[in-house]
Novice: 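Mind looking over this structure? Questions follow.
Count residues from 1 along the sequence.
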Amino acid sequence: MSRKSAAIARPAFWSIVILLWLLAAFGCQALPAPTPVYLIGIDTLRADALGCYGGVHPTPVLDDFAKQAVVFDNCIAPASWTVPSMVSIITGLYPFHHGCVKALQENGRVLSQQKLSDGYNTLAELFKRINYRTYGVSGNGHLDEKYGFAQGFDEYVCHPFVDKEGVTSSWQGIVPRLAAEYRFGQGVFGFLFYFDPHHPYVPQEPYISQYLPDYKKNLDKVFGKDMLELIREGVFADPELVKLARALYESEVAALDAHLGEVLKNLPGYEDAIVIITADHGEEFYEHGEMIHGNNLMQTQIHVPLMIKLPKGKNAGLRVKDPVSTIDIFATLADVLHAPPMSKTDGVSLLPLLEGQPATPRDLFSQIDLPWARQSAMVRWPHKYIQRIDGRRHIFDLAADPREENDAFEELKGGESAEAFKTLLESVGYQVRFPPRSITEDLSDEMHEKLKNLGYLN
């Protein structure tokens with residue numbers, strides 16, 4: 001080789017040496033991980049139980065989270081109790097399309113429940129299609145693996161109706177593994193479902209003493225007793241007991257809020273993550289003559305929080321007034337993460353709204369189909385139309401009357417809008433592609449026949 005050739009080759013040689021040194025120095029470092037995603041569901045959390053949704057009492061952790069997130073002020077749950085609502089969240093389908101609308105639980109034991117068909121795609125399966133690792137922990141026994149809720153999860157734990165400490169304890173066992181995977185460039189999806197503040201309500205200090213200082217005066221009339229039995233006995237005709245139940249419930253909300261501070265802080269990759277916090281349904285305290293949930297479709301039972309924190313806090317603090325549904329979570333995550341198409345869902349992507357764009361007007365639906373309550377509802381903002389199985393109909397203007405205190409049906413009866421609502425709602429009907437099957441625990445022949453007659457078994 002000539003001196004000239006050697007001189008030319010020398011810089012190239014050293015460039016290769018430097019490149020190899022850089023590869024050696026940084027080759028063991030992981031590539032940036034795909035966006036981590038966490039979905040946190042809270043059982044029985046009505047929207048106005050949170051300070052950031054106008055609640056009477058502050059909920060500091062979730063109020064602070066709302067400042068980091070995009071907050072949807074008018075999110076409608078597709079049902080007013082857990083099973084159909086949560087199946088809707090994980091499939092993006094309304095109850096009248098997935099068909100899981102019945103279950104019966106007694107004293108912390110599920111007696112019978114419909115199982116989601118594996119013909120439907122779930123949110124966890126969506127993440128598996130884009131090579132994410134998937135983890136889930138639930139504190140509600142209705143979300144057990146045998147009812148189809150574990151579809152698509154690499155690891156799924158369901159506890160039969162445990163409090164927040166039980167859920168977080170299981171989650172903490174998963175976090176180190178999940179954190180290691182995230183550090184080394186693995187996409188991760190985590191699902192957490194907290195049973196608190198579902199009844200039976202347990203007084204939580206110091207909150208209950210702040211909310212109702214003399215709460216012990218009537219506590220023995222409510223605490224430790226079956227809420228459904230109390231309702232059947234009519235004890236909540238006493239406004240003082242309703243006030244007590246509401247205070248107990250809100251103390252449970254406050255305690256869970258404080259608990260979530262550490263949970264959120266320890267989510268691996270939190271700053272870069274999409275974190276969604278929502279609820280399956282709300283809770284009523286006799287505003288419309290009912291208690292708890294699963295008995296009507298009033299806003300107390302189906303208006304739920306929905307907050308979505310984007311990576312790096314993008315668009316933090318944005319408030320969206322347009323009505324949305326929790327069924328939209330599936331389509332939104334598929335859109336944001338550019339997931340390959342799966343079967344069609346009923347929801348729509350909220351990405352335009354997350355970016356501050358106007359919404360395309362659409363109708364939203366809710367349904368309850370239980371032996372004691374069969375109702376359907378449709379929201380065509382600002383109106384909400386409710387159709388009951390006994391033929392009664394109601395129309396509320398949610399913008400002017402968010403508490404639904406003034407039924408406008410008589411005023412609008414015979415009008416074009418009232419009949420249009422009825423026609424559209426009745427046209428939806430049941431269109432279940434993969435019918436669910438019922439799973440029944442060991443029951444006496446008498447109980448089995450009773451459940452069958454009530455419509456729990458198919």
Novice: Any donor-acceptor pair under 3.5 Å linking the side chain of Asp257 with the backbone of Val61?
Specialist: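 Indeed, once roles are kept as given, a pair shorter than 3.5 Å links the two residues.
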
Novice: Mind checking whether Pro203 and Tyr215 have side chains closer than 4.5 Å, heavy atoms only?
Specialist: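 A side-chain contact exists here, since the closest heavy-atom pair is under 4.5 Å.
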
Novice: Between Val304 and Phe72, is there a side-chain heavy-atom distance shorter than 4.5 Å?
Specialist: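 No, their side chains stay 4.5 Å or more apart.
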
Novice: List in chain and number order the residues that pass side-chain contact (heavy atoms from CB on, under 4.5 Å) with Val235, two or more places apart in sequence or in another chain; answer none if no residue qualifies.
Specialist: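 With neighbours one apart ignored, the set is Leu230, Glu233, Leu241.
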
Novice: Nearest 0.5 angstrom please: His383 NE2 to Phe421 CZ, how far?
Specialist: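 One gets 6.0 Å once the value is rounded to the nearest 0.5 Å.
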
Novice: How close do Gly294 and Ala373 get, counting heavy atoms only, and between which atoms?
Specialist: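 Closest approach of Gly294 to Ala373: O-CB, 4.1 Å.
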
Novice: Can Asp390 and Arg392 be counted as an ion pair, charged N to O under 4.0 angstrom?
Specialist: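 Salt bridge: yes.
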
Novice: Would you check, one step at a time, whether the test side-chain contact (heavy atoms from CB on, under 4.5 Å) holds for Leu260 with Phe65?
Specialist: CA-CA 10 Å; Leu260 287 174; Phe65 179 82; over 6 Å; no

Novice: Which heavy atom of Tyr120 sits nearest a heavy atom of Arg433, and at what distance?
Specialist: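 Looks like OH-N, 3.2 Å.
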
Novice: One pair to check against side-chain contact (heavy atoms from CB on, under 4.5 Å): Leu93 and Phe330. What are the steps and the verdict?
Specialist: CA-CA 9 Å; Leu93 299 171; Phe330 191 112; over 6 Å; no

Novice: Go through Tyr211 and His57 one step at a time and tell me if the ring-ring contact (aromatic ring centres under 6.0 Å, His included) criterion holds.
Specialist: CA-CA 8 Å; Tyr211 302 165; His57 307 296; 3.6 Å; yes

Novice: Does Ser169 use its side chain to pair, donor to acceptor, with the backbone of Glu165 at less than 3.5 Å?
Specialist: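 Not at all, since once roles are kept as given, no pair shorter than 3.5 Å links the two residues.
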
Novice: Can you tell me how far the CG atom of Leu297 sits from the OG atom of Ser366, to the nearest 0.5 Å?
Specialist: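 One gets 6.0 Å once the value is rounded to the nearest 0.5 Å.
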
Novice: If you take the centroid of each ring, where Trp contributes its six-membered ring, are Tyr286 and Phe236 closer together than 6.0 Å?
Specialist: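 Ring centres of Tyr286 and Phe236 not closer than 6.0 Å.
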
Novice: Given side chains that start at C-beta, do those of Phe396 and Met298 come closer than 4.5 Å, heavy atoms only?
Specialist: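 Yes - at least one pair of side-chain heavy atoms lies under 4.5 Å apart.
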
Novice: Within 45° of the six-membered ring axis of Tyr53 and under 6.0 Å from that ring's centre, is NZ or CZ of Arg319 located there?
Specialist: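 So Arg319 does make the cation-pi contact.
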
Novice: Taking atom types as modelled, is there a side-chain donor on Gln172 or Asn266 under 3.5 Å from an acceptor on the other?
Specialist: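 Looking only at side-chain atoms, Asn266 and Gln172 do not form any donor-acceptor pair under 3.5 Å.
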
Novice: Run Tyr270 and Lys265 through side-chain contact (heavy atoms from CB on, under 4.5 Å) and show every step you take.
Specialist: CA-CA 7 Å; Tyr270 178 84; Lys265 186 173 71 176; over 6 Å; no

Novice: Evaluate the side-chain proximity of Pro78 to Pro84: yes if any heavy-atom separation is below 4.5 Å, no if none is.
Specialist: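 The answer is no, as the side chains (C-beta and beyond) never meet within the 4.5 Å cut-off.
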
Novice: Looking at every non-hydrogen atom in both residues, tell me the closest pair between Tyr147 and Val110 and how far apart they are.
Specialist: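 The answer is OH-CG1, 3.3 Å.
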
Novice: Can you measure from CG (Asp401) to CG (Asn406) and round to the nearest 0.5 angstrom?
Specialist: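 It comes to 4.5 Å.
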
Novice: For the ring-ring contact (aromatic ring centres under 6.0 Å, His included) test, which of His142, His199, His198 pairs with Phe161?
Specialist: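 That would be His142.
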
Novice: May I ask you to say whether Arg232 pairs ionically with Glu229, meaning some side-chain N is under 4.0 Å from a carboxylate O?
Specialist: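 Looking at Glu229 together with Arg232, the answer is yes, because their closest N to O distance falls below 4.0 Å.
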
Novice: Could you go through the salt bridge (charged side-chain N to carboxylate O under 4.0 Å, His left out) check for Glu287 and Arg46 one step at a time?
Specialist: CA-CA 13 Å; Glu287 291 93 340; Arg46 56 188 275 172; 2.9 Å; yes

Novice: Within the side chain of Asp397, is there an N or O that forms a donor-acceptor pair under 3.5 Å with the backbone of Ala400?
Specialist: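 Side chain of Asp397 to backbone of Ala400, a donor-acceptor pair under 3.5 Å: yes, one is there.
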
Novice: In terms of ring plane angle, is the pair Phe153 and Phe189 parallel, tilted or perpendicular, where the classes change at 30° and 60°?
Specialist: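 Answer is parallel, since the angle falls under 30°.
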
Novice: Please check: side-chain N/O of Gln114 versus main-chain N/O of Lys102, any donor-acceptor pairing under 3.5 Å?
Specialist: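 Pair found, side chain donor or acceptor close to backbone of Lys102.
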
Novice: Nearest 0.5 Å please: distance from the CD atom of Glu284 over to the CZ atom of Arg246.
Specialist: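 These two atoms lie 10.5 Å from each other.
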
Novice: Specify whether Phe285 and Tyr249 have parallel, tilted or perpendicular ring planes, treating 30° as the upper limit for parallel and 60° as the lower limit for perpendicular.
Specialist: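 Ring orientation of Phe285 relative to Tyr249: tilted.
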
Novice: Just checking, is any N or O donor in the side chain of Thr168 or Tyr194 under 3.5 Å from an acceptor N or O on the other one?
Specialist: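 There is such a pair (donor and acceptor under 3.5 Å, judged by atom type) between the side chains of Thr168 and Tyr194.
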
Novice: Are any non-hydrogen side-chain atoms of Glu283 and Tyr201 less than 4.5 angstrom apart?
Specialist: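 Of all side-chain heavy-atom pairs linking Tyr201 with Glu283, at least one is under 4.5 Å.
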
Novice: Nearest 0.5 angstrom please: Thr300 OG1 to His288 NE2, how far?
Specialist: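 Reported value, rounded in 0.5 Å steps: 4.5 Å.
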
Novice: Report yes if some heavy atom in the side chain of Leu219 is under 4.5 Å from a heavy atom in the side chain of Leu248; otherwise report no.
Specialist: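 Yes; the side chains approach each other to less than 4.5 Å.
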
Novice: Taking all heavy atoms of Ser251 and all of Val202, pick out the closest pair and write down the distance.
Specialist: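 Reported closest heavy-atom pair: OG-O, 3.9 Å.
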
Novice: Is there a donor-acceptor pair under 3.5 Å between the side chain of Thr91 and the backbone N or O of Thr122?
Specialist: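 Pair absent, no side-chain N/O of Thr91 close to backbone of Thr122.
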
Novice: Test the Lys309-Tyr38 pair against the cation-pi criterion, namely NZ or CZ under 6.0 angstrom from the six-membered ring centroid and within 45° of the ring axis.
Specialist: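 No, cation not above the ring by the 6.0 Å, 45° rule.
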
Novice: Might you point out which heavy atoms bring Glu290 and Asn296 nearest each other, and give the distance in Å?
Specialist: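 Smallest interatomic distance, heavy atoms only, reads CG-ND2, 3.4 Å.
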
Novice: Using a 6.0 Å cut-off, check whether atom NZ of Lys243 has over 12 heavy atoms from anything other than its own residue.
Specialist: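 It does not: Lys243 NZ has 12 such atoms or fewer within range.
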
Novice: For Glu404, is there any backbone N or O sitting under 3.5 Å from a side-chain donor or acceptor partner on Gln299?
Specialist: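 Not a single qualifying donor-acceptor pair exists.
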
Novice: If we only count heavy atoms from C-beta on, is the Ile277 to Pro305 side-chain gap below 4.5 Å?
Specialist: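 Answer no - side chains too far apart.
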
Novice: Determine whether a donor-acceptor pair (N or O, by modelled atom type, separation under 3.5 Å) exists between the side chain of Asp43 and the backbone of Ala279.
Specialist: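 No; zero donor-acceptor contacts below 3.5 Å.
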
Novice: Any idea which heavy atoms bring Ala258 and Tyr207 closest together, and the distance?
Specialist: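 Here Ala258 and Tyr207 meet closest at CB-OH, 3.6 Å.
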
Novice: Please check this pair: side chain of His303 against backbone of Gly282, looking for a donor-acceptor N/O pair closer than 3.5 Å.
Specialist: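 Judged by distance alone, no pair lies under 3.5 Å.
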
Novice: Going from CD1 on Ile42 to CZ on Phe195, what distance comes out if it is rounded to the nearest 0.5 angstrom?
Specialist: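 The distance works out to 13.5 Å.
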
Novice: Between Val253 and Leu50, is any pair of side-chain heavy atoms under 4.5 Å apart?
Specialist: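 Yes; the side chains approach each other to less than 4.5 Å.
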
Novice: Under 3.5 Å, side chain of Asp63 to main-chain N/O of Cys52, donor-acceptor pair present?
Specialist: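 Yes.
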
Novice: Using only atom types and a distance under 3.5 Å, with no angle test, would you say the side chain of Asp335 pairs donor to acceptor with the backbone of Thr332?
Specialist: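 Not at all, since once roles are kept as given, no pair shorter than 3.5 Å links the two residues.
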
Novice: Applying side-chain contact (heavy atoms from CB on, under 4.5 Å), run through Asp369 and Phe96 and close with a yes or a no.
Specialist: CA-CA 9 Å; Asp369 185 6; Phe96 48 75; over 6 Å; no

